[in-house]
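Before any comments, here is the structure.
When a ligand or atom number is given, it counts from 1 through the structure's own listing order.
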Amino acid sequence: MVEYMLSVSNLNAGYGKFHIVFDASFNVAEREILTVVGPNGSGKSTLLKALFGLATIYSGSVIFKGSNITGYPPHVKARIGLAYLPQTDNVFAELSVRENIIMASYTLDENEARDRIEEVLSVYPILKQRLDYKAKSLSGGERQILALAMTLIRRPELIMLDEPTANLAPLIARDLIKKIVQLRDELKKTVILVEQNARAALEVGDKALLMVSGKIAYEGPAGALLKDVELGKRYLGLR
Ligand SMILES: Nc1ncnc2c1ncn2[C@@H]1O[C@H](COP(=O)(O)OP(=O)(O)OP(=O)(O)O)[C@@H](O)[C@H]1O
Ligand SMILES: [Mg+2]
C-alpha cells in the first residue's frame with residue numbers, strides 16, 4: 001500500500017457556523033507539488049487553514065505520514081513537519097532580514113539555529129546581501145523569499161503556500177515559482193501550492209485540485225486540468 005505524505009478524507013471545515021469546505025478528499029505523495037486553483041472565495045485558503053489547524057474541522061480526517069493529525073493545533077503541526085505560509089503578513093515588516101530569520105529559529109538551540117540559518121542563506125544567497133535591511137524595504141519578491149527562508153528554518157516536510165506570487169510582477173512571479181520547484185526538486189519537500197496564477201502553478205504542479213464553491217470540482221494530474229478547455233475557461237480564466 002502506498003503511504004502518502006498527506007491523506008485527506010471527507011473533510012468538512014469552516015469558521016464556527018460558516019461551513020466553507022465540503023467533503024474534500026485527496027492525497028499528496030512525497031516530493032510532489034499539489035496545485036490548488038479556483039475562483040475567489042471558493043475555499044482554497046480555508047482548506048489550507050483547516051489542514052494547518054487554523055479553521056474548524058467538523059468532520060473527516062487528515063493523515064500525515066500515517067498518523068491521524070486531524071485535531072492537532074498549529075504549533076503541534078509545525079513541530080511534526082508541516083509549514084503554512086499565509087497569503088499576507090508573512091514576515092515581520094519592521095524587523096531586519098537578520099532579525100526575521102532569528103525569530104524563525106527561536107525554538108532551536110544556538111548551534112542548531114546557526115547551522116540552519118547558514119543553510120537557508122546558502123539556498124537564498126540574495127538574503128545575505130539584505131541582512132540589515134528592514135523586511136518592509138525589500139521588493140515583493142525578496143519578501144516572499146524571506147518568508148520561504150523563515151519557513152525552511154524548521155525543516156518542514158510538507159509546505160503549504162497560499163498565493164505566494166500574489167501582487168508580484170510576472171517575471172518576479174516566474175522566478176518565485178522556480179523557487180517552489182526547487183523546494184521539491186532540490187530540497188525534497190512536498191508542497192501544496194494555492195495560486196491565482198493558475199497557468200504557471202499548473203505547469204509546475206504534479207497534481208491539481210480545482211475548488212468551486214467549497215467543493216473539489218477536479219482532482220487529478222495538473223497537466224490535464226491545464227488542457228481542460230471547458231474547466232479552464234469557466235473557472236480559471238484560461239483559454
Ligand atoms: N474568518 C472567516 N469567517 C467567516 N467566513 C470566512 C472567513 N474567512 C473567509 N471566509 C469566507 O469563506 C469563503 C471562502 O474564503 P477563502 O478565503 O477560503 O477563499 P479563497 O478561495 O482563498 O479566495 P481568494 O482566491 O480570494 O483568496 C468566502 O465566502 C469567505 O467570505
Ligand atoms: Mg485565499
Side-chain angles (χ1 to χ4, degrees), residues 6 8-26 28 33-62 70-75 77-78 82-91 140-141 143-144 147-148 150-151 158-170 172-174 176-177 179-180 183 191-205 207-220 222 225-226 228 231-239:
L6 191 77
V8 176
S9 304
N10 299 104
L11 189 74
N12 284 283
Y15 308 94
K17 60 182 194 249
F18 299 101
H19 191 164
I20 309 289
V21 173
F22 298 87
D23 278 321
S25 298
F26 58 94
V28 192
I33 295 177
L34 172 72
T35 299
V36 182
V37 293
N40 289 113
S42 58
K44 305 181 298 294
S45 294
T46 305
L47 175 65
L48 284 197
K49 286 182 203 164
L51 296 177
F52 197 62
L54 293 166
T56 317
I57 294 178
Y58 310 122
S59 63
S61 63
V62 181
T70 312
Y72 288 16
H75 68 277
K77 286 178 171 165
L82 286 83
Y84 162 69
L85 208 61
Q87 202 164 342
T88 53
D89 300 324
N90 51 24
V91 300
R143 215 172 306 148
Q144 291 300 62
L148 285 180
M150 291 169 70
T151 298
L158 172 67
I159 304 179
M160 301 188 275
L161 305 169
D162 198 350
E163 299 200 22
T165 74
N167 306 316
L168 299 182
I172 310 291
R174 290 248 152 219
L176 194 73
I177 295 277
K179 298 218 159 24
I180 292 162
L183 292 178
V191 177
I192 302 181
L193 173 63
V194 168
E195 263 298 339
Q196 279 294 333
N197 189 348
R199 181 178 300 282
L202 290 172
E203 277 169 2
V204 301
K207 274 173 44 187
L209 297 182
L210 168 64
M211 303 244 345
V212 178
S213 308
K215 299 194 176 93
I216 295 178
Y218 172 93
E219 188 213 348
L225 179 56
L226 198 53
D228 191 315
L231 290 177
K233 211 159 76 179
R234 193 138 147 223
Y235 297 117
L236 302 172
L238 300 173
R239 33 188 188 132

Can you check whether a protein heavy atom sits less than 4.0 angstrom from atom 30 (C) of ligand 1?
no

Would L148 and L176 satisfy side-chain contact (heavy atoms from CB on, under 4.5 Å), going step by step from the backbone distance to the final call?
CA-CA 10 Å; L148 285 180; L176 194 73; 4.2 Å; yes

Test item, P39 contacting ligand 1 (heavy atom, 4.0 angstrom)
yes

With the threshold set at under 4.0 angstrom, would you say G38 reaches ligand 1 through any of its heavy atoms?
no

Pull out every atom of ligand 1 sitting under 4.0 Å from any heavy atom of T46, numbered as shown with elements.
14 (C), 15 (O), 16 (P), 18 (O)

D228/L210 under side-chain contact (heavy atoms from CB on, under 4.5 Å): CA gap, chis, key distance, verdict:
CA-CA 11 Å; D228 191 315; L210 168 64; over 6 Å; no

Show the atoms of ligand 1 that are less than 4.0 angstrom away from any heavy atom in Q196.
25 (O)

Among protein heavy atoms, which lies nearest atom 1 (N) of ligand 1, and at what distance?
Y15 CD2, 3.6 Å

What angle, to the nearest 10°, do the atoms OG (S45) and OE1 (Q87) form about the Mg ion (ligand 2)?
80°

Do any of the N/O/S atoms of N40, backbone or side chain, fall under 2.8 Å from the Mg ion (ligand 2)?
no

Can F22 and N12 be said to form a side-chain contact (heavy atoms from CB on, under 4.5 Å), step by step?
CA-CA 5 Å; F22 298 87; N12 284 283; 4.1 Å; yes

Applying a strict 4.0 Å limit to heavy atoms, is K49 in contact with ligand 1?
no

CD of Q144 to OG1 of T151: how many Å apart, nearest 0.5 Å?
9.5 Å

Which of the numbered atoms in ligand 1 are below 4.0 angstrom from a heavy atom of Q87?
27 (O)

Count the heavy atoms of every other residue, nucleotide or ligand shown that sit under 6.0 Å from CG of N167, and state whether that count exceeds 12.
no

Strictly by modelled atom types, are E195 and T35 linked by a side-chain donor-acceptor pair under 3.5 Å?
no

Determine, stepwise, if the pair T46 / Y15 fulfils side-chain contact (heavy atoms from CB on, under 4.5 Å).
CA-CA 9 Å; T46 305; Y15 308 94; 2.8 Å; yes

State the atoms of ligand 1, each with its element, that fall below the 4.0 Å cut-off from a heavy-atom position in S45.
17 (O), 18 (O), 20 (P), 22 (O), 27 (O)

Looking only at protein heavy atoms, identify the closest one to atom 13 (C) of ligand 1 and say how far it is in Å.
I20 CG2, 3.7 Å

Nearest 0.5 Å, please: how far is OH in Y84 from CG in D162?
5.5 Å

Examine G41 against ligand 1 and note whether any of their N/O atoms are separated by less than 3.5 Å.
yes

Keeping the roles fixed (side chain from S9, backbone from S25), state whether a donor-acceptor pair exists under 3.5 Å.
no

Looking at ligand 1, is there an atom of it that comes within less than 4.0 Å of some heavy atom belonging to M211?
no

Return the closest protein heavy atom for atom 26 (O) of ligand 1 as residue, atom name and distance.
N40 ND2, 2.9 Å

So, applying side chain to side chain contact (heavy atoms under 4.5 Å, CB included) with M160, which one of L47, L34, L82 is it?
L82

